[in-house]
Amino acid sequence: MSDRGLKQLSIATLLVLAAGVALAVFRAPIDEFGFVQKIFYIHVPLAIVALAGFIAAGIEGYRHLMTDDPRHDANSYVFIHISVVYGAATLITGMIWAKAAWGHYWVWDEPSLVSFLIVFLLYATYYPFRYAIEDRDRQARYASIFAITAGLFVPLNFMAVRMAENLVHPRVFATAEGGLPGSMLFPFLVCLAGLALLYVTLVKLELLGKRTAGRVARLSAEARAAGDGDDAPRAGVSTGSRIAPKMESR
């Protein structure tokens, strides 16, 4: 993934996201739950983009296993990282809406909520899983297997939720009992596009940072090898560098 056009992408993200929020606040109708219902336009796109990111991480994990290219491991790592952040935001916004709509922050017999929490907790184990493996090559391979396995679980989980009979949580897309009204669909799609663009922007930023850190580490190693070791900064000794993908050679 290239960092070219990052400035233009950031501007487009800001414009689309601002337009989506404005449409949601000023144009979309207010239902029986009042103004707090507006959080729906952020909550649901966050969940959709997070789940799509988990699947993308699995695809990158598969590409890493097929090619042994560390760039795919880095992509998978960053996809999971940003998706976990989106997942946490999904849970928080969902709890805010649930408290206003149902009077409770959480309902344990609702498949949508519980299944998303399971997916989130599953991916939350990704970081300690990587940290537990000291060898960087094995770490990358096992992390790719993790991403593939967990990524396969995401669509299965989605289908299980759709087939469940106990549906308290509102359905967004078409079901036998209807879906999103037309007056809400356009603001929702704009918010979805804005949050998807924000996701891509954050991914590119984090990858750019890792590539830069990798180059610094490589230059430091080259400086030490040239005899300037005592004065050159040492890289790769922090906890973060131990679980981050190995990009020193790129």
Side-chain angles (χ1 to χ4, degrees), residues 9-56 79 81-121 123-124 154-155 157-158 160-162 164 166-205:
L9 177 61
S10 301
I11 294 173
T13 298
L14 181 63
L15 293 176
V16 175
L17 199 53
V21 172
L23 287 169
V25 172
F26 299 110
R27 177 174 174 175
I30 298 178
D31 65 7
E32 67 272 19
F33 298 117
F35 189 79
V36 72
Q37 183 268 343
K38 301 288 186 179
I39 204 170
F40 153 86
Y41 296 94
I42 300 298
H43 166 68
V44 178
L46 280 171
I48 293 174
V49 176
L51 293 176
F54 287 140
I55 295 175
F79 282 147
H81 182 200
I82 304 300
S83 289
V84 167
V85 174
Y86 266 51
T90 299
L91 292 172
I92 293 171
T93 53
M95 291 171 68
I96 293 172
W97 181 87
K99 178 62 176 177
W102 302 333
H104 304 283
Y105 286 111
W106 194 263
V107 179
W108 284 105
D109 58 355
E110 166 54 37
S112 297
L113 304 182
V114 176
S115 61
F116 189 89
L117 178 63
I118 292 173
V119 170
F120 174 79
L121 293 177
Y123 280 97
V154 172
N157 172 262
F158 178 79
V161 169
R162 304 294 287 186
N166 184 17
L167 296 175
V168 180
H169 194 283
R171 305 293 91 169
V172 175
F173 297 111
T175 65
E177 299 179 356
L180 198 63
S183 59
M184 300 170 65
L185 183 60
F186 182 64
F188 172 81
L189 292 177
V190 176
C191 286
L192 177 60
L195 286 168
L197 285 172
L198 178 62
Y199 183 96
V200 175
T201 303
L202 294 174
V203 166
K204 290 176 73 67
L205 279 172

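The first residue of the sequence shown is numbered 1, and numbering continues consecutively from there.
For the side-chain contact (heavy atoms from CB on, under 4.5 Å) criterion with Y199, the lone passing option out of V203, T201, L195 is V203.
The two residues L17 and C191 have their closest heavy-atom pair at CD1-O, 4.5 Å. Y41 and A28 get closest at one heavy-atom pair: OH-CB, 3.0 Å. Closest approach of V114 and V107 over heavy atoms only: CG2-O, 4.3 Å. Contact detail for T93 and H43: the closest heavy-atom pair is OG1-ND1, 3.1 Å. Contact between K38 and P29 at its shortest, heavy atoms only, is NZ-O, 3.8 Å. The shortest non-hydrogen separation linking L46 to A89 is CD1-CB, 3.7 Å.
Between I92 atom CD1 and I42 atom CD1 the span is 13.5 Å, to the nearest 0.5 Å. Between atom CG of residue L113 and atom OG1 of residue T90 there is a gap of 11.5 Å, rounded to the nearest 0.5 Å.
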Which is it for L117 and W106 under the side-chain contact (heavy atoms from CB on, under 4.5 Å) test, yes or no, and what are the steps along the way?
CA-CA 11 Å; L117 178 63; W106 194 263; 3.8 Å; yes

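Side-chain N or O atoms of H104 include none that pairs as donor or acceptor with a backbone N or O of K99 at under 3.5 Å. Without hydrogens or angle criteria, Y86 side chain to G53 main chain gives no donor-acceptor distance under 3.5 Å.
By the 30° and 60° cut-offs, the orientation of the rings of F54 relative to Y123 is parallel.
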